[in-house]
Number of protein chains: 2
Amino acid sequence: MKGSPPRLADSVTFRLGALGLQALDRLAPRLELHGLKPKHLGMLALLDSVDASSQLEVARAMNIAPSLVVALADHLEDLGAIQRVKDPEDRRRHVLRLTDRGRDLLQTCTDDAYAIDAHLTAELSPADRADLARVLGELARTAGLPALPQLRASADDTGGHAS
Amino acid sequence: MKGSPPRLADSVTFRLGALGLQALDRLAPRLELHGLKPKHLGMLALLDSVDASSQLEVARAMNIAPSLVVALADHLEDLGAIQRVKDPEDRRRHVLRLTDRGRDLLQTCTDDAYAIDAHLTAELSPADRADLARVLGELARTAGLPALPQLRASADDTGGHAS
DNA sequence: GGATATGCTTCAGAACATGAATGATACTGA
DNA sequence: TCAGTATCATTCATGTTCTGAAGCATATCC
């Protein structure tokens, strides 16, 4: 015998896509108040997690074109949230680093994100809420975009043991 | 003393956004093979769940401009996936309905989505995988976009602005 | 039956992202 | 040393996606 056929709306992929877009739709207006778009926030979060990074590394980690990194970084630099300095060891590279102001901004946006979390998960049981946070963390760790360390490693293919 | 401050990457909102975009990035190339974009699939899924709907209702349910519904529906109609008929009770409305071909297409795309699910969740424990599916379902139910029945209700509503 | 509102469509343009071309810098091998 | 080639950031032209205003057809309300 045959159970009911799998529904698209039950797939993790479709649900992540739909809920993710909705989450961003809710977050975006708040970010706008600080002069940021979601991608700017993604970049701040990335730089916060790695301390400093070249633009190409950022492009790969965020899965966007290098030319877009230029525009995003320009804007964050205008806001004073990051600084862009030539790498003395390779003067082609522009190293991006979070400023104190950038960290403040990131904290503010983090508060915004948690405020939306509260709304989004308002009707979930505490147990479900905990499961959600835990499993999304698992998923981000195992299936998320490659983190910067990996990208760096694959960048210096010749050397082998990097960092 | 003070615990470590909340990290943006730990918020449900940020993770849903990031993972959702990634899920869509993986799904999109497969949909392309059938001549669809993610939004087309969203529309098919919506129509499958409600049997039939006017374009304005679809626009509200998908949170997009009515003029975009026109373009999406045009394309799906060209593919033979939906039919667009004038509502005899209100000849301004164009009622959209899934065709058999549309249902086939939806099934094919559903298979694609589940294939991506398998990859995305490959490194999760079976328990985590189950939790993920369950909790995302909960979240979609309680925090998802307003379902069509609600929209219809608020449309019928003589006076009030609900929300 | 005239005024007003609603639904769909068209159209112009805003917003966002990409890829190719360019200039600066680094690396390679003879 | 230095010519040739590769890499990084930037600019620019373009493509795609989406929106909002205008217009027409139809419905609703005095």
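Values below: all heavy atoms of this structure, side chains included; hydrogens, waters and symmetry mates excluded. Note that the structure is predicted; figures quoted are calculated from it, not measured. Just so we're on the same page: letters track the sequence lines, and every chain starts at 1.
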A/H94 NE2 - C/dT25 C1' separation (whole Å): 10 Å
d(CE, A/M43; C1', D/dA9) in whole Å: 13 Å
Quiz item: B/R92 side-chain donor-acceptor pair to C/dT6 base, under 3.5 Å: yes
A/D87 CG to D/dT7 P, straight-line distance once rounded to whole Å: 17 Å
Enclosure of B/H34 NE2 (heavy-atom neighbours >12, cutoff 6.0 Å): yes
Whole angstrom value for the distance that separates C1' of C/dG13 from CG of B/L68: 15 Å
CD/B/E89: more than 12 non-hydrogen atoms of other groups inside 6.0 Å: no
Among B/L31, B/L24, B/L76, the one residue meeting side chain to side chain contact (heavy atoms under 4.5 Å, CB included) with B/L41: B/L31
Distance in angstrom units between B/D25 CG and C/dT18 C1', rounded: 13 Å
side-chain N/O A/K39 vs C/dA17 OP1/OP2, d < 4.0 Å: yes
Between P of D/dT10 and CG of A/D74, the distance in whole Å: 7 Å
N/O (side chain, B/R84) to phosphate O (OP1/OP2, C/dT9) under 4.0 Å: yes
Over all atoms of both residues, closest heavy-atom pair of A/L27 and A/I116: CA-CD1, 3.3 Å
A/S67 or A/P88, whichever maps to the more 5' nucleotide of DNA chain C: A/S67
Nearest-nucleotide comparison on DNA chain C, the residue closer to the 5′ end among A/R91 and B/V70: B/V70
d(NZ, A/K86; C1', D/dC8) in whole Å: 9 Å
Nearest-angstrom distance from the residue atom CG of A/L56 to C1' of C/dT25: 14 Å
